[in-house]
Amino acid sequence: MKLDRIFIFFILLLLGILFYWVCYLGYNQESYRKQQTQTTDPSIVKNILMSEEKHKNLGLQSSPGFLYSQPSLLVGRTDVVSVTPWLAPIVWEGTFDSSLIDSMYKKKNITIATTVFALGKYTRFLKEFLESAEQHYFVGYRVRYYLFTDRPEEVPEIKLGEEHYLTILKVPSMDRWQDISMGRMEILEKLTKSELASEADYIFCLDVDAKFYGPWGVETLGRLVAVIHPWFYGYPRDQFTYERRPESQAFIPAGEGDYYYTAAAFGGTFKEVHELTKYCREQQSIDASKATEAIWHDESHLNKYLLYNKPSKLLSPEYLWRDISMRTSQVKVIRLSHVAKNNEEVRQNA
Ligand code: UD2
């Protein structure tokens with residue numbers, strides 16, 4: 001009798017253990033399944049991808065065994081300054097090793113968005129601009145051009161290189177060339193906040209009346225990138241064409257100023273370019289509400305923004321030269337240069 005009870009006790013104990021084990025396994029499988037569904041939730045996947053995207057832009061890694069010239073602390077460009085007083089690099093030929101920089105950026109699978117505006121008769125500049133860009137501009141990298149025009153039918157057919165894409169976006173025509181130039185800021189402000197921002201890592205905004213003659217590559221990439229204006233790089237700051245009238249929002253008092261930057265080329269990350277273009281659009285509309293217009297329009301506001309929001313990288317006038325027929329000993333490679341134009345003929349209201 002006693003043995004029977006002990007036997008039944010053990011059977012019950014075993015059944016209890018078995019029941020507990022089955023429940024435990026079931027719970028684990030359920031929570032595992034939950035985890036699986038959670039990780040396939042699209043919003044979580046998107047967040048993971050976005051954080052991977054961010055990491056992609058952090059740090060530059062070179063590969064063991066990749067050989068390049070030894071960097072020197074004693075030999076380099078001495079005829080020009082290649083660092084600002086706030087320690088941002090100023091990019092000149094001879095200050096970087098393109099094979100090294102390329103080898104590091106090639107691993108990152110980056111995309112560069114590039115905006116260009118061609119309204120009215122400025123569509124005539126598109127062929128040369130795009131064809132020359134295809135020879136020199138971020139060759140071997142993914143480039144997405146966004147072309148804003150009021151005359152899509154006049155956009156020429158250009159054979160684009162591998163992984164280079166062109167999107168044509170129609171915008172309304174405008175009568176004043178100054179409004180076209182300044183109006184770019186509002187369009188860029190919206191573009192840099194739109195879904196398109198997720199299609200690229202960096203953005204450059206370029207004038208269309210220009211032609212590429214030399215390589216423009218990943219050495220130009222940075223958080224906030226400004227280009228030194230080709231006419232004023234040797235001038236004292238008080239001769240820069242800053243806005244000097246206090247009634248304009250672009251006003252910069254005498255005695256202030258770093259460099260004079262061109263509005264014909266600027267760039268950076270989408271976040272930084274959004275902040276810059278938003279600022280310029282806001283200041284331009286305050287001016288307009290007071291019937292004021294800055295002396296050099298968008299360029300005056302851009303210069304004020306960049307004076308107080310220091311760019312993280314500056315491009316020398318190699319990256320926007322005056323005229324291909326003009327030479328100076330400091331500019332050893334002309335990468336992009338203005339195309340001569342007859343303002344009276346090409347502008348609606350010259
Ligand atoms: C300077 C700036 C330019 C802008 C302008 C404002 C330089 C080298 N360039 O150039 O960036 O700040 O001053 O005064 O500093 N556009 C059209 N259709 C038009 C007029 C203009 O599409 O009818 C677009 C086009 O992309 C052009 C840009 O606006 O490249 C700037 O106009 P611009 O080149 O005539 O201005 P410009 O040469 O005075």
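From a predicted model like this one, the values you see are computed outputs, not experimental measurements. Residues take their numbers from the sequence shown, with the count starting at 1. Order of appearance sets the numbers: ligands from 1, and atoms from 1 within every ligand.
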Inset, instruction - Name all pairs fulfilling the side chain to side chain donor-acceptor pair (under 3.5 Å) condition that reach into residues 183-196, sequence neighbours left out, sorted by first residue then second. - result: Ser181-Arg184, Arg184-Asp207, Arg184-Asp298, Glu186-Lys190, Glu189-Arg281, Thr192-His274

Inset, instruction - Would you please write out the protein residues whose heavy atoms approach any atom of ligand 1 to under 4.0 angstrom, listed by chain and number? - result: Phe117, Ala118, Leu119, Tyr122, Trp177, Ile180, Ser181, Arg184, Asp207, Val208, Asp209, His229, Thr262, Ala263, Ala264, Trp296, His297, Asp298, Glu299, Leu320, His338, Lys341, Arg347

Inset, instruction - Supply the members, apart from Val83, of the Ile/Leu/Val/Met/Phe/Trp/Tyr cluster built from side-chain contacts under 4.5 Å; use none for a lone residue. - result: Leu87

Legend entry - Rounded distance [0.5 Å steps], OG1 in Thr111 versus OH in Tyr202: 11.0 Å

Legend entry - Pair Asp287, Thr292: side-chain N/O donor-acceptor within cut-off below 3.5 Å: no

Legend entry - Hydrophobic cluster of Val333, others only, ordered by chain and residue number, side-chain cut-off 4.5 Å: none

Inset, instruction - Find out whether the Lys NZ or Arg CZ of Lys211 is both under 6.0 angstrom from the six-membered ring centre of Phe125 and within 45° of the ring's axis. - result: no

